[in-house]
There are 2 protein chains.
Amino acid sequence: MVEALRANGLKVTHQRTEIIREIVQTKDHPDVETICRRVRGRIPAVSLDTVYRTISALFERGLINRIMVDAKRARYDADVTRHNHFVCDTCGRIVDIDSTGRGGCRASDKLSEVGVVERVEVLFRGKCIHCVADQE
Amino acid sequence: MVEALRANGLKVTHQRTEIIREIVQTKDHPDVETICRRVRGRIPAVSLDTVYRTISALFERGLINRIMVDAKRARYDADVTRHNHFVCDTCGRIVDIDSTGRGGCRASDKLSEVGVVERVEVLFRGKCIHCVADQE
DNA sequence: ATTCGTGCAAACTTTTTGCAGAGTT
DNA sequence: AACTCTGCAAAAAGTTTGCACGAAT
């Protein structure tokens, strides 16, 4: 991934290396503030702006995914391969879901008249097992 | 829809009637500011807060849908029946797409271990015909 | 009459931006 | 050396909230 930085004309700084390490390591789709907090475990002086700028740069170049789950707070995913997400509306947890078989989703015929589809995002919303259990 | 207000213990005010009229009439999935601007054509004194509060109240009761397409600005849809959306990443246009056949989407088996799915949101992202044409 | 909604203003949160100094190629 | 990145602070944008008045039931 650090290679991808260079390939995209971005400079490889200490901060960026750690931000990338953090987002690649985790599978919990953190938001910017969470990434920042975690990176501060290793680089206490990182500023939130730097995390925003790094994440935006990576997203614009397609190196990470942005997941919009609630009205505020974007969340990010280092896995850019085709897959779907389950979102718990109670606790906010996001879990990766493989897209089965032929992509998981069929477009209606009307779609080609509307535009060119470059990406399909599937969000399963509901309540995760932990929150279902807590409810009782 | 105005009936649904009463059924949910919400008072039927002049502002709410017009806000609902506006969002039901249009199919372009407007954001709060757009709804407010349009309602002002008929009630010049509506405040943006009132639109926010009305829209939130409707959304919380499941009477309208919220669509998160970009990092800022939620967009709303009075159609709460099962359907998908095409989003143009260039101009922001959102077009309704019927979900074909058996719901349009199959979940992987893993899903039932993760939680209970209450809703599935499918977003087709790409470039709409207008933006493809403008590009040339 | 009671309860809820509205408008105003201000607060809050998330994200973006200008700038001077430091780091990377 | 050139250019970009960082951190600080301040600003911008979207959304929420406290309060007093007005409207709906």
Side-chain angles (χ1 to χ4, degrees), chain A residues 1-23 29-40 42-61 63-76 92, chain B residues 1-23 29-40 42-61 63-76 92:
Chain A
M1 184 88 149
V2 174
E3 297 304 313
L5 281 186
R6 278 204 194 80
N8 279 275
L10 296 172
K11 298 203 168 168
V12 180
T13 64
H14 184 197
Q15 289 88 328
R16 288 187 173 165
T17 307
E18 294 306 322
I19 291 169
I20 290 173
R21 185 195 312 283
E22 197 51 59
I23 196 176
H29 314 79
D31 58 24
V32 174
E33 209 166 328
T34 303
I35 297 168
C36 187
R37 192 173 346 104
R38 290 174 182 170
V39 170
R40 278 186 175 148
R42 271 170 276 140
I43 314 178
V46 210
S47 74
L48 189 55
D49 331 302
T50 297
V51 181
Y52 268 109
R53 281 189 268 226
T54 300
I55 292 295
S56 296
L58 295 174
F59 176 65
E60 279 161 21
R61 286 161 182 81
L63 302 176
I64 60 176
N65 258 342
R66 168 187 280 167
I67 309 165
M68 293 310 307
V69 18
D70 58 27
K72 24 195 61 184
R73 259 189 200 81
R75 299 186 51 178
Y76 295 89
Chain B
M1 184 89 149
V2 174
E3 297 305 315
L5 280 187
R6 278 205 195 79
N8 279 276
L10 297 172
K11 299 201 168 167
V12 181
T13 64
H14 184 197
Q15 290 87 329
R16 288 185 173 167
T17 307
E18 294 304 323
I19 291 169
I20 289 173
R21 186 196 309 287
E22 197 52 59
I23 195 175
H29 313 80
D31 58 26
V32 174
E33 210 168 327
T34 303
I35 297 168
C36 186
R37 194 174 342 107
R38 288 173 182 170
V39 171
R40 279 187 175 148
R42 273 170 274 141
I43 314 178
V46 224
S47 74
L48 188 56
D49 330 301
T50 297
V51 181
Y52 268 110
R53 280 189 268 223
T54 300
I55 292 295
S56 296
L58 296 174
F59 176 66
E60 279 161 18
R61 287 161 182 79
L63 302 175
I64 59 175
N65 258 341
R66 170 187 278 168
I67 310 165
M68 293 310 307
V69 15
D70 58 28
K72 22 195 64 183
R73 257 190 201 79
R75 298 185 52 177
Y76 294 91

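Each chain gets a letter, A, B and so on, in the order the sequences are listed, and its residues count up from 1.
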Between D49(B) and V12(B), name the one whose nearest nucleotide on DNA chain D is closer to the 5' end.
-> D49(B)
Nearest whole angstrom, please: distance from the C1' of dA24(D) to the CG of N8(B).
-> 17 Å
Below 3.5 Å is the cut-off: list the nitrogen or oxygen pairs between protein and nucleotides 2-6 of chain D, distance only.
unit_1 : atom_1 : unit_2 : atom_2 : d
dC3(D) : O2     : K11(A) : NZ     : 3.0
dT4(D) : O4'    : K11(A) : NZ     : 3.3
dC5(D) : OP1    : R16(A) : NH1    : 2.8
dC5(D) : OP1    : R16(A) : NH2    : 3.1
dT6(D) : OP1    : T13(A) : OG1    : 2.8
dT6(D) : O3'    : Q15(A) : NE2    : 2.8

Atom CG of L48(A) to atom P of dA9(D): distance rounded to whole Å?
-> 13 Å
Before accepting this row, confirm whether a basic side-chain N of the pair R75(B)/D31(B) lies closer than 4.0 Å to the acidic partner's carboxylate O.
-> no
With sequence neighbours excluded, residues passing salt bridge (charged side-chain N to carboxylate O under 4.0 Å, His left out) with R40(A) = none
Atom-pair distance (CZ on R73(B); P on dT15(D)), nearest Å | 8 Å
Taking the six-membered ring of Y76(B) (Phe, Tyr or Trp), confirm whether the NZ or CZ of R66(B) is under 6.0 Å from its centre and within 45° of its axis.
-> no
Nucleotide range of DNA chain C lying under 4.0 Å from chain A heavy atoms | dT14(C) to dT25(C)
So, does T54(A) use its side chain to make a donor-acceptor pair with the main chain of T50(A) at under 3.5 Å?
-> yes
State whether the side chain of R61(A) and the backbone N or O of A57(A) hold a donor-acceptor pair below 3.5 Å, judged by distance alone.
-> yes
Phosphate OP1/OP2 of dT15(D): any Y52(B) side-chain N/O under 4.0 Å = yes
So CG of N65(A) and NE2 of H29(A): to nearest 0.5 Å the spacing works out to 8.5 Å
side-chain hydrogen bond (donor to acceptor under 3.5 Å, both in side chains) test vs R42(A) passes for just one of E22(A), H14(A), Q15(A), namely E22(A)
Can any side-chain N or O of R16(B) pair as donor or acceptor with the backbone N or O of K11(B) at less than 3.5 Å?
-> yes
What is the nucleic acid contact for A71(A), judged by heavy atoms within less than 4.0 Å: base, sugar-phosphate only, or nothing?
-> nothing
